[in-house]
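The analysis underlying the following values was restricted to heavy atoms, covering all of them including side chains, and did not include hydrogens, waters or symmetry mates.
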Amino acid sequence: MSFSLEEGWLILFLLGTYHGVNPGMGWLFAVARGMQEKRTSAVLSTLPPIALGHVVAIALAIGLAAALEVVISVRLLQALVALFLIGLGIYLLIRNRHPRWGGMQVGFRD
């Protein structure tokens, strides 16, 4: 499947929009920190590290995909990633307990 440049930018924009409005993507933690500390500045100071973390994660994913593309075909890579994500989704759906490693008491580092 190939996309034109305009279609690629539209898809990237839509993914970015979804990423921005999805509460699991970081802004919820910024708001929680602001509510804990009762300061708007706590929310604003949390946003740059969240953005930096997203940039690093995207750069690592692109780097890994580029490195794997040298070894295996793009189609196989797409299929493997799709199967992994589907499997992870099914696992999380059937799992009955909440993760123990997280909580809503967040600090700047979190």
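- Following chains of ILVMFWY side-chain contacts shorter than 4.5 Å, one cannot reach Leu64 starting from Val74, and the two form parts of different hydrophobic clusters.
- Here the shortest heavy-atom pairing between Thr46 and Ala42 reads OG1-O, 2.6 Å.
- Taking hydrophobic clusters as Ile, Leu, Val, Met, Phe, Trp and Tyr residues chained together by side-chain heavy-atom distances below 4.5 Å, Phe84 does not share a cluster with Ile86.
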Decide yes or no on side chain to side chain contact (heavy atoms under 4.5 Å, CB included) for Leu68 and Leu80, but give the supporting numbers first. CA-CA 11 Å; Leu68 287 174; Leu80 291 173; over 6 Å; no

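- Note on Leu60: it does not cluster hydrophobically with Leu88, by side-chain heavy-atom contacts below 4.5 Å among ILVMFWY residues.
- One distance of note links CD of Gln78 with CD1 of Ile72; it measures 10.5 Å at 0.5 Å rounding.
- Residues Val71 and Leu77 fail the side-chain proximity criterion, which asks for heavy atoms closer than 4.5 Å.
- Residues passing the side-chain hydrogen bond (donor to acceptor under 3.5 Å, both in side chains) test with Ser73, sequence neighbours excluded: none.
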